[in-house]
Protein chains: 2
Amino acid sequence: MAARRPRARGVTVEDVARVAGVSRQTVSNALNAPHRLKPETLERVSAVIEELGYRPDQSARSLRSGTRRIIAYPAPVDDPANPNALMGGFLEAVVAASGEAGYRVLLVRPRPGQSQEQALDELIAARTVDGFLLSDVLRDDPRLAHLTRAGFPFAAFGRTGPDQPQSWVDVDSAQAMIDMVGLVAARGHRRVAFLASSSGLPWMDDRRDGFLAGVRRHGLAGQVYSVPGDDPGEIVRATRELLTGRDRPTAIVAGGDWLALGVYTVARAEGLEIGTDLAVAAFDDLPVTAWLQPALTTVRLPLHRIAKALISRLLQIIEDGVTPRAGLVLPGEPVVRPSLGPPNAL
Amino acid sequence: MAARRPRARGVTVEDVARVAGVSRQTVSNALNAPHRLKPETLERVSAVIEELGYRPDQSARSLRSGTRRIIAYPAPVDDPANPNALMGGFLEAVVAASGEAGYRVLLVRPRPGQSQEQALDELIAARTVDGFLLSDVLRDDPRLAHLTRAGFPFAAFGRTGPDQPQSWVDVDSAQAMIDMVGLVAARGHRRVAFLASSSGLPWMDDRRDGFLAGVRRHGLAGQVYSVPGDDPGEIVRATRELLTGRDRPTAIVAGGDWLALGVYTVARAEGLEIGTDLAVAAFDDLPVTAWLQPALTTVRLPLHRIAKALISRLLQIIEDGVTPRAGLVLPGEPVVRPSLGPPNAL
DNA sequence: GAAGATCGTTTGAACGTTCATATCCGACGC
DNA sequence: GCGTCGGATATGAACGTTCAAACGATCTTC
């Protein structure tokens, strides 16, 4: 068995050196430290490299130099009930940003029966990657604690603890929410509800806190409504309760576009016209919102800037050993669309 | 600058050998060929491996053995106008399937200014990966031609050419569509339209051909309607044209859920009740369809089976040098929901 | 009882690169 | 003329693993 095909021998540094009439090290320098070569030597060697199509063997390079040029991204589990459609866009941005820096992204996930920490340890111990990029960071996320203890480079989309590396980047959800509530207040609304998913996720809490701060600042009557679970059925049920109770809010701010989908569904069933009878705003700007009628007012996340900043911070740790002193907060951008109603609706 | 942190020396095979009182190779065998060891030796060595937390250095292993245990997945560009939400689910399935086989997934994308083939070549020449997993395969896909010429292992989600390795897996879209048209016909519909995105994508053509075959078989009046582009505006415009023209179809089969979203939007605007005035069916079963009212009849793709089959075929090529003689076709599963209307609607 | 055969283990080499150091060579200072 | 410097290139070693082959012990076989 295992009729392994004959090992595909590639072009090595030795081959290039022979053809160019220089030594191994000179070829290596042509790629890694071109300034050390006399211009004419560099040109000659480069020509031969091009001609033979030489690429340094990644394994050999890693073994000797200790650098892999690979970043691991522990993929959040994609719950079909609550597809983190944001993940698609974020991953996209991460791949682009790391590609530009000459790094590649390795998608990892714990094997069945393996804890998250064990999965990280395996990658560290086998020296497979140079660092980790984390997203969906929880409060007291065990992964952060573990990587901090191991002293292994990482960067996180979402705030880390005070005694952990401040290599995080996050969106100023609170401010974006305050702005959003301001827009709602400017349209004359007084009774406003925040629709949250329950689970105590940090980003949801930030958005809720921002909502509450906005409500306080603008002297509105604000109410927080939590959905017990993540699936459409539960969201619809909770939203219906909210919209059919007494003192129905005239505006709903949802903690995410996914929740806003439920608001649209219920509003339609109850004969409420969004933008007129009910103002709706949300968060994330998922692609699917392009289909909503009327178009949804929401907060757009600067995913490309986030990814770029994360990669930049991570590489600073990996390549220069410099850990950022403070996290980076980027603004979310409220995008006003008809679901909020005209400027002076009430 | 570059205050590179001191190289984190890990546990090596030598350390384990010393502690266990055996040779390097015996430790290596304990991991790679346990049957060669006397049971008691194996146990002793395993215990030391466990105790010291030894993991073979991936780079060293790759360098010597020529196998990387990494599969590259060229990530389709995630067009925000037509988010391949399927990609999320498929990628998910691929990561799971390859993880089970002990392989990891490297996400790759051509650098700016780099062609797809060049990006593949770079990975091949640098010996970074063992094989490629391709999706969104086009007719005469240049990537397939290139990998075939290079003799490099790959597996494709989508049919390959006749002179290329038959290492593909695909969904029997045509049959699923024929079945779907059967369901439509059984509900008494006679004028049926197929809504396609234009771009000449193989999977869309397969679905269209299946539709036409179904229409012929059931003696219906079938019409194919192509949307010039992919963004919501165009889809809505084309759909409106279709639904407001004379001889309006009583049933629409969309080439994808994304297109069906347009049908829902237009139907609502035109006052047509889906499931009563208009039957709607589609393809893909994206998560977002959970929000549609009434629920959408669509074709579910066996993404996990597909991913498993792809990985299995790819590893057979990589590890055993065996190229499958024929492609594998898996059935799509029509899921009947209220959008199709009750069994005898007309 | 000697010549194989089998099993379990060890030994030396090799994978392809980069690090650390050495060597060469021309220029310069005294 | 001699020593010194500095830039450009070359040499030997090392990274940690697995391969290929050798080794020693125990078991068959005639």
Side-chain angles (χ1 to χ4, degrees), chain A residues 2 4 6-46 48-49 52-69 124-128 130 319, chain B residues 2 4 6-46 48-49 52-69 124-128 130 319:
Chain A
R4 211 163 288 227
R7 176 90 167 281
R9 290 257 168 279
V11 183
T12 78
V13 69
E14 202 86 47
D15 300 330
V16 177
R18 192 161 359 87
V19 174
V22 295
S23 71
R24 278 195 321 268
Q25 187 62 32
T26 301
V27 176
S28 178
N29 285 338
L31 291 169
N32 302 322
H35 61 276
R36 287 202 197 158
L37 299 199
K38 202 155 46 171
E40 57 207 66
T41 315
L42 176 56
E43 196 175 347
R44 183 158 40 98
V45 174
S46 300
V48 176
I49 288 176
L52 301 186
Y54 167 70
R55 301 278 163 183
D57 180 297
Q58 187 56 50
S59 305
R61 172 179 268 197
S62 299
L63 174 59
R64 180 66 247 229
S65 72
T67 148
R68 257 73 40 189
R69 314 221 109 215
I124 296 174
R127 276 139 288 180
T128 306
D130 295 320
E319 297 182 350
Chain B
R4 212 163 288 226
R7 177 89 168 281
R9 290 256 168 280
V11 182
T12 77
V13 69
E14 203 87 46
D15 300 329
V16 176
R18 193 160 359 88
V19 174
V22 295
S23 71
R24 278 195 323 268
Q25 186 62 30
T26 301
V27 176
S28 177
N29 284 339
L31 290 169
N32 302 322
H35 62 275
R36 287 202 195 157
L37 300 200
K38 202 154 46 171
E40 57 208 65
T41 315
L42 176 57
E43 196 175 345
R44 183 157 42 98
V45 174
S46 300
V48 176
I49 289 177
L52 300 185
Y54 167 70
R55 301 277 164 184
D57 181 297
Q58 187 56 49
S59 305
R61 173 179 267 197
S62 299
L63 175 58
R64 181 65 247 227
S65 71
T67 146
R68 256 75 39 189
R69 316 220 106 213
I124 296 174
R127 277 138 288 179
T128 305
D130 295 320
E319 298 182 348

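To find a chain, count down the sequence lines: A is the first, B the second, and so on, and within it residues start at 1.
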A.B. asks: Which ones in residues 30-46 of chain A lie close to DNA chain C, meaning a heavy atom under 4.0 Å from one of its atoms?
C.D. replies: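 Residues of residues 30-46 of chain A under 4.0 Å from DNA chain C: A:N32.
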A.B. asks: Between B:D130 and B:T67 (side chain of the first, backbone of the second, donor and acceptor by atom type, cut-off under 3.5 Å), is there such a pair?
C.D. replies: no
A.B. asks: I'd like a table of atom pairs between the protein and nucleotides 23-27 of chain C - only N or O on both sides, under 3.5 Å - with the distance next to each one.
C.D. replies:
none

A.B. asks: Which atoms form the tightest heavy-atom contact between A:D15 and A:G10, and what is the distance?
C.D. replies: OD2-O, 4.0 Å
A.B. asks: What's the CD-P distance between A:Q25 and D:dA13, to the nearest Å?
C.D. replies: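 Value for this atom pair: 15 Å.
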A.B. asks: Can you tell me if A:R36 has over 12 outside heavy atoms packed within less than 6.0 Å of its CZ?
C.D. replies: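 Incorrect, the count does not exceed 12.
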A.B. asks: In whole Å, what is the span from the CZ atom of A:R127 to the P atom of D:dC15?
C.D. replies: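 It is 12 Å, rounded to the nearest whole Å.
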A.B. asks: Looking only at side chains, do B:S59 and B:S62 share a donor and an acceptor under 3.5 Å apart?
C.D. replies: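 No.
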A.B. asks: Give a yes or no on whether a salt bridge exists between B:E319 and B:R69, defined as a side-chain N under 4.0 angstrom from a carboxylate O.
C.D. replies: yes
A.B. asks: Quickly work out the A:L63 CG to C:dC15 P distance and round it to whole Å.
C.D. replies: 14 Å
A.B. asks: Go along nucleotides 22-28 of chain D 5' to 3' and tag each nucleotide: B for a protein heavy atom under 4.0 Å from its base, S when only backbone or sugar atoms are that close, - otherwise.
C.D. replies: -------
A.B. asks: Side chain to side chain contact (heavy atoms under 4.5 Å, CB included), that's the test. Do B:L37 and B:T26 meet it? Break it down for me.
C.D. replies: CA-CA 8 Å; B:L37 300 200; B:T26 301; 3.9 Å; yes
A.B. asks: Indicate, yes or no, whether a donor-acceptor pair under 3.5 Å links the base of C:dT11 to the side chain of B:R24.
C.D. replies: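 No pair found.
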A.B. asks: Within this structure, what is the CG-to-C1' distance between B:D57 and C:dT17, rounded to whole angstrom?
C.D. replies: 13 Å
A.B. asks: Tell me the interatomic distance from A:R64, atom CZ, to C:dT17, atom P, rounded to whole angstroms.
C.D. replies: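 Computing the A:R64:CZ to C:dT17:P distance gives 14 Å.
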A.B. asks: I would like to know whether B:T12 and B:D57 meet side chain to side chain contact (heavy atoms under 4.5 Å, CB included); could you show each step before the answer?
C.D. replies: CA-CA 8 Å; B:T12 77; B:D57 181 297; over 6 Å; no
A.B. asks: A:A30 and A:I49: which non-hydrogen atoms are nearest, and at how many Å?
C.D. replies: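 Nearest heavy atoms, A:A30 then A:I49: CB-CD1, 4.5 Å.
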A.B. asks: Return the value, rounded to whole Å, for the distance between atom CD of B:Q58 and atom C1' of D:dT18.
C.D. replies: 13 Å
A.B. asks: Taking OP1 and OP2 of D:dA10, is either one under 4.0 Å from a side-chain nitrogen or oxygen of A:T26?
C.D. replies: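 Yes, because at least one side-chain N or O of A:T26 sits under 4.0 Å from OP1 or OP2 of D:dA10.
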A.B. asks: Measure from CZ on B:R55 to P on D:dT18 and round the result to the nearest Å.
C.D. replies: 13 Å
A.B. asks: Give me the atom names and distance for the closest heavy-atom approach of B:S28 to B:V13.
C.D. replies: N-CG2, 4.3 Å
A.B. asks: Who passes side-chain hydrogen bond (donor to acceptor under 3.5 Å, both in side chains) against A:S46, sequence neighbours left out?
C.D. replies: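 For A:S46, no residue satisfies side-chain hydrogen bond (donor to acceptor under 3.5 Å, both in side chains) once neighbours in sequence are set aside.
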A.B. asks: Residues of residues 12-23 of chain B with any non-hydrogen atom less than 4.0 angstrom from an atom of DNA chain D: list those, numerically ordered, please.
C.D. replies: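 Only B:T12, B:V13 qualify.
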A.B. asks: Between B:Q58 and B:R68, is there a donor-acceptor pair closer than 3.5 Å when you use the side chain of the first and the backbone of the second?
C.D. replies: yes
A.B. asks: Could you pull out the closest heavy-atom pair between A:G53 and B:A125, with the gap in Å?
C.D. replies: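 The pair with the smallest heavy-atom distance is O-CB, 4.5 Å.
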A.B. asks: Rounding to a whole Å, what distance do you find between B:R61:CZ and C:dA14:C1'?
C.D. replies: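 Result: 17 Å.
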A.B. asks: For the side chain of A:R44 and the backbone of A:A20, is there at least one donor-acceptor N/O pair under 3.5 Å apart?
C.D. replies: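 Side chain of A:R44 to backbone of A:A20: a pair is present.
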A.B. asks: Just to verify, what does B:T41 make a side-chain hydrogen bond (donor to acceptor under 3.5 Å, both in side chains) with, not counting sequence neighbours?
C.D. replies: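 Applying side-chain hydrogen bond (donor to acceptor under 3.5 Å, both in side chains) to B:T41 gives none.
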